[in-house]
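These notes concern the structure reproduced below.
Each chain gets a letter, A, B and so on, in the order its sequence line appears, and its residues count up from 1.
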Amino acid sequence: MNLGNTIVMELKSNWRGYLVFILVMAFIVGGFVQAFPSVAGAFEDDLKGSEYIEIEVEDGDGYQDVTLSWDEVETADNYTLKMGPTPSMLVPNEIHGIEGSVHTVRLEEVDGEIPEMYFVIVAVSDGTGEFIGIETNFDRAEGLIEFIGLDYSDLRGVLSMFWGVFFILLIGIYIAYISVNSVSKDYDDRRMDILLTKPISRRQYLLEKFSTVSLYSLMLLVVVGLITVASVYSLGELDTVSASTLFNTTVLSWPVFLVIISATFLAAVYLENSKKAVGFAFLFVLIQFGLDTVGSMASGMEYLKDFTVLSYWDHEALFYGEAVNWTQVGLLFLLSALLIGAAVMLFEKKDVPG
Amino acid sequence: MRKKPVIDIRGLSKYYGDVVGIEGLDLKVYPGEIMGFLGPNGAGKTTTIRACLDLLQKSKGEVKIFGLDSHEDSLEIRRRTGYLPGDFGMYNDLKVKTILRYLLSQSGLSDESKMLELAERLDLDMDRRYGELSKGNRQKVGMVQAFMADQDLIILDEPTTGLDPLMQQKFYDLLREERENGKTIFMSSHILAEVEEVCDRVAIIRKGRLQVVEDISSLKEKMGKKLVVEFDDGVDPEIFKIDGVKDVKIEGRWVTMIVTRNLDQVIKNISKQNIINMSLETFSLDQLFLTYYSSGGSGT
Ligand SMILES: Nc1ncnc2c1ncn2[C@@H]1O[C@H](COP(=O)(O)OP(=O)(O)OP(=O)(O)O)[C@@H](O)[C@H]1O
Ligand SMILES: [Mg+2]
């Protein structure tokens, strides 16, 4: 009979904001994916002249033999090899007068580890040196990757980073915000008395509001998923991550947002006041995000992640091709159902503030 | 015997924490009547109304509307009840038309004829956005939504706030018409003249407790009229010794008195002398109400 009216009304009064946010997200996500080549470039070996030098390492017992070979310079009388722990601290360790274009140095272990070294080859002719290039015996990017836990020279790494940060924060906060508004605006604008004295149950009222935001967020994720696929396609990177993986990973975040929506509805019903409820919603998303981030970065604090719903949507694993964990998805749906159920029960019992 | 009451409130109490909203209220509103609900600020009018509509949980007591329980059968009651809150808002960005259509469909109706007729009657521009409307025009939106579903019972909380005198008159006409059509109306008010003009009965509440429930006509009968006469000369006090005349004050050529009955005899008596000037004032119910308002007294 009057089923769905509230959904229509919600859309009527909010469609502009909803549409603008979809466009903004499409723009941000599309733009971000397009920025991948330059992010990856920054991660690739960018040591000057390293392309003129070949480096080979051979690990022995307590030492490492590093063999450097380089392109010969015709006018060169001989070559100088400089070594040091950073590119700017090479001076004390210089080997002069190297004939030919191959040289091997033995690095002894220090405190049980092979030191990480930079090697610079200089061609010497008539007493003046000419820089050929610089190389290292270690993977510079790997250190960084180890530190942040993601490989940004790989599209999947970049996507994981973005999906784990901006995606969750932007969409999470926006969705929480519109969830709060959906109920609290009726309190703030003093419409609740009239709305709730029409012959629809409070349960129906709240569930229709919940459905509106839920369906909107699904639509938002579908659009973002499609934009991502299109953007990755235009980069020619679809063989790194398939279109279906991209799309599914994005859309499978829906249950996480459902939990955010239902938790926010519960807060909105409980607090009755949009300022407080918005405050709660933002805090909820930020705390989830904070726990998840600290839990992933700080060693020994992994258990923090167990307190977040975000850990139930392992976007990184999904991007790297792991199968969907339907148990986790199911748990998120269940949690969301429990929260919205609690919100309905509370709403049915509460006095409507006059 | 009267018909079964439409609203039957028994021993209703509502506490807001430690604050008493209403206490042990008993009130019946019968079909086809306009019941006024009066009381000073904070007396508990809004609380009573909102408890009837299941917007508030009752602390004690029982409310039956159409013989149905106000909480258990709230949905059915709301299907048959129109309500205008004392203080309400709407969707500021939407057109009046859009809002009213939505509310109508929430009542499960699609026939807009009564809605359009009411808007026309109250001079409400349906194409404007709610947020742009003046206070009075917003009130009209509230009124249209309360009446448009053509329900059996209409509950109004201070319905004429913000309306100009012309609109108030139109509204009173509307109320009377609805009563003719068999509707029952329960309205709170601060305007005594309004209650006097449109209501059949009035309930007066003070500090959460019901003071009195009376027919307006019997209240008026009790009140009497104030008669002031200026004669051309001194006057014989004996001519005012009539049953139903009291508080006679003679000051030279001026005489003041209160007449509750036998006005005809009074006029006949005084007209035996030359009259220079005369006025007859009907008391409004103000004074009576004020006694109930301030002391909880028993009236005249
Ligand atoms: N939400 C609330 N919390 C606490 N006390 C409340 C609340 N609502 C009403 N009250 C108290 O209940 C009493 C009755 O208030 P109510 O609003 O019913 O009065 P009223 O007769 O409608 O007054 P008015 O003529 O000013 O509209 C007042 O003392 C008021 O302060
Ligand atoms: Mg009130």
Side-chain angles (χ1 to χ4, degrees), chain A residues 1-20 178 180-209 211-212 269-270 272-275 344-354, chain B residues 14-17 21 45-47 49-59 71 73-95 98-110 129-131 138 141-142 144-146 148-149 151 155 157:
Chain A
M1 186 182 63
N2 38 22
L3 210 67
N5 278 334
T6 303
I7 296 182
V8 172
M9 197 59 177
E10 282 294 288
L11 294 177
K12 263 187 191 151
S13 39
N14 297 312
W15 66 272
R16 282 185 200 84
Y18 286 6
L19 194 66
V20 167
I178 63 172
V180 166
N181 257 358
S182 161
V183 174
S184 297
K185 275 286 258 182
D186 286 347
Y187 283 121
D188 285 2
D189 290 352
R190 318 196 62 76
R191 303 190 277 254
M192 213 54 119
D193 259 41
I194 288 184
L195 296 177
L196 295 183
T197 44
K198 298 299 171 196
I200 61 152
S201 65
R202 293 194 195 183
R203 181 195 304 147
Q204 186 184 339
Y205 163 91
L206 206 65
L207 289 182
E208 287 199 18
K209 298 246 171 190
S211 309
T212 312
V269 168
Y270 179 73
E272 292 170 358
N273 165 301
S274 67
K275 286 202 186 77
V344 167
M345 270 166 59
L346 183 65
F347 191 55
E348 281 178 335
K349 279 223 305 264
K350 254 184 111 86
D351 280 358
V352 177
Chain B
K14 171 67 193 178
Y15 312 120
Y16 301 97
K45 302 180 293 294
T46 301
T47 303
I49 287 175
R50 298 183 78 243
C52 288
L53 288 161
D54 199 35
L55 292 165
L56 300 176
Q57 301 282 107
K58 302 182 280 272
S59 306
H71 178 68
D73 309 311
S74 154
L75 209 58
E76 176 57 22
I77 290 170
R78 282 183 273 141
R79 205 163 275 136
R80 297 171 60 187
T81 306
Y83 167 53
L84 171 64
D87 179 20
F88 66 91
M90 268 293 137
Y91 304 84
N92 288 332
D93 304 336
L94 296 182
K95 284 186 179 170
T98 314
I99 295 171
L100 288 175
R101 279 196 184 130
Y102 166 61
L103 295 175
L104 192 66
S105 64
Q106 286 296 69
S107 298
L109 300 177
S110 53
R129 286 179 204 291
Y130 183 81
R138 290 178 189 196
V141 175
V144 173
Q145 66 80 33
M148 68 186 175
Q151 288 142 317
I155 297 180
D157 196 355

Close approach to chain B in residues 6-15 of chain A, criterion heavy atom under 4.5 Å: A:T6, A:M9, A:K12, A:S13

Suppose we screen for salt bridge (Lys or Arg N to Asp or Glu O under 4.0 Å). Which residues come up paired with A:D189, at least two apart in sequence or across chains? A:K185, A:R191

Kindly write out the residues that satisfy salt bridge (Lys or Arg N to Asp or Glu O under 4.0 Å) with A:K275, not counting sequence neighbours, or none if the list is empty. none

Top residue by heavy-atom pair count (under 4.5 Å) with chain A, among [options]?
options              : answer
B:P85, B:G82, B:S74  : B:P85
B:E76, B:Q145, B:R80 : B:Q145
B:F88, B:Y83, B:Y102 : B:Y102

I'd like to know if the side chain of B:R138 and the backbone of B:M90 have a donor-acceptor N/O pair within less than 3.5 Å. no

Between B:R78 (side chain) and A:I200 (backbone), is there a donor-acceptor pair under 3.5 Å? yes

With sequence neighbours excluded, residues passing side-chain hydrogen bond (donor to acceptor under 3.5 Å, both in side chains) with B:R129: none

Electrostatic pair A:D351:B:K14 at N-O distance under 4.0 angstrom: yes

Honestly, the part of A:D186 sitting under 4.5 Å from a heavy atom of chain B is side chain

Interchain contact, A:Q204 with chain B, by part (heavy-atom threshold 4.5 Å): neither

Flag yes if more than 12 heavy atoms outside A:Y270 fall under 6.0 Å of its OH atom; otherwise flag no. no

Looking only at side-chain N and O atoms, does B:T98 offer a donor or acceptor that is under 3.5 Å from a partner on B:Y91? no

Can you say whether the rings of A:Y205 and A:F347 are parallel (under 30°), tilted (30 to 60°) or perpendicular (over 60°)? parallel

Heavy-atom proximity to chain A below 4.5 Å, by part of B:L56: both

The interface call for B:K58 against chain A, heavy-atom contacts under 4.5 Å, is neither

